[in-house]
Amino acid sequence: REATGDYRRCPVPDDKVPWSVDYPDYAPVDYTAPSVLENDSSKKQGGWADPVDPVAGGVNLQSRQTYEGDRIQFFQNGLPKNPRGRTGMVGRGLLGKWGPNHAADPIVFRINEKTGQREMVAIKRKDN
């Protein structure tokens with residue numbers, strides 16, 4: 001079941017989450033969803049996902065911006081680190097891009113003047 005993921009993260013003690021803390025036994029699970037791999041833009045015309053190896057695929061990860069405040073840190077293999085620290089998983093999961101995956105999902109609420117009921121309008125994106 002891709003939406004929930006058929007994988008298990010390796011446990012990360014709270015005190016080992018920050019990248020600044022040494023954790024030589026860290027062995028994260030590598031997971032990228034099949035739908036992401038099937039939409040590799042270097043293999044599929046119109047694909048929306050970064051290549052499996054973005055460095056070899058010519059993707060400039062250094063130019064990507066994050067709203068986390070600090071600049072993006074990278075592993076020795078050139079892939080970006082999660083700015084929040086260790087999560088027990090590497091890879092992209094259900095995300096198409098290496099590094100930041102920006103999205104905006106507008107939701108509008110109002111009170112119906114005639115009924116007094118709350119009403120909501122939301123947009124269903126194509127990607128979910």
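For clarity, every value in this text was computed on a predicted model and none was experimentally measured.
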Is there a side-chain contact (heavy atoms from CB on, under 4.5 Å) between Asp50 and Arg92? Walk through the geometry before answering.
CA-CA 10 Å; Asp50 281 347; Arg92 290 173 283 169; 3.7 Å; yes
Report yes if the side chains of Arg118 and Ile111 come closer than 4.5 Å at any heavy-atom pair, otherwise no.
yes
List the steps and the verdict of side-chain contact (heavy atoms from CB on, under 4.5 Å) for Val36 and Trp48.
CA-CA 8 Å; Val36 173; Trp48 45 264; 4.0 Å; yes
Can you name the nearest heavy-atom pair linking [X] to [Y], along with the distance?
X      : Y     : value
Pro28  : Val90 : CG-CG1, 3.6 Å
Pro51  : Ser41 : CD-OG, 4.1 Å
Asn101 : Gly96 : OD1-N, 3.5 Å
Pro54  : Leu61 : CG-CD1, 3.8 Å
Pro80  : Ile72 : CB-CG2, 3.8 Å
Lys44  : Asn39 : NZ-OD1, 3.1 Å

Single-linkage hydrophobic cluster, 4.5 Å side-chain cutoff, Phe74 and Leu79 together
yes
Under 4.5 Å between side-chain heavy atoms, hopping through other hydrophobics if needed: is there a path connecting Val21 to Val17?
no
Could you tell me whether [X] atom [atom1] has more than 12 heavy atoms of other residues or ligands within 6.0 Å of it?
X     : atom1 : result
Gln65 : CD    : no
Asn60 : CG    : yes
Phe75 : CZ    : yes

Within 45° of the six-membered ring axis of Tyr26 and under 6.0 Å from that ring's centre, is NZ or CZ of Arg86 located there?
yes
What do the steps show when you test Val12 against Thr87 for side-chain contact (heavy atoms from CB on, under 4.5 Å), and what is the final call?
CA-CA 7 Å; Val12 180; Thr87 64; over 6 Å; no
Under 3.5 Å: donor-acceptor pair, side chain of Asp25, backbone of Tyr23
no
Supply the atom-to-atom distance Thr32 OG1 to Met89 CE, rounded to the nearest 0.5 angstrom.
7.5 Å
Show your working on side-chain contact (heavy atoms from CB on, under 4.5 Å) between Val59 and Trp98 and close with a plain yes or no.
CA-CA 9 Å; Val59 177; Trp98 288 103; over 6 Å; no
Only counting residues at least two apart or in another chain, list the ones meeting salt bridge (Lys or Arg N to Asp or Glu O under 4.0 Å) with Glu68.
Arg84
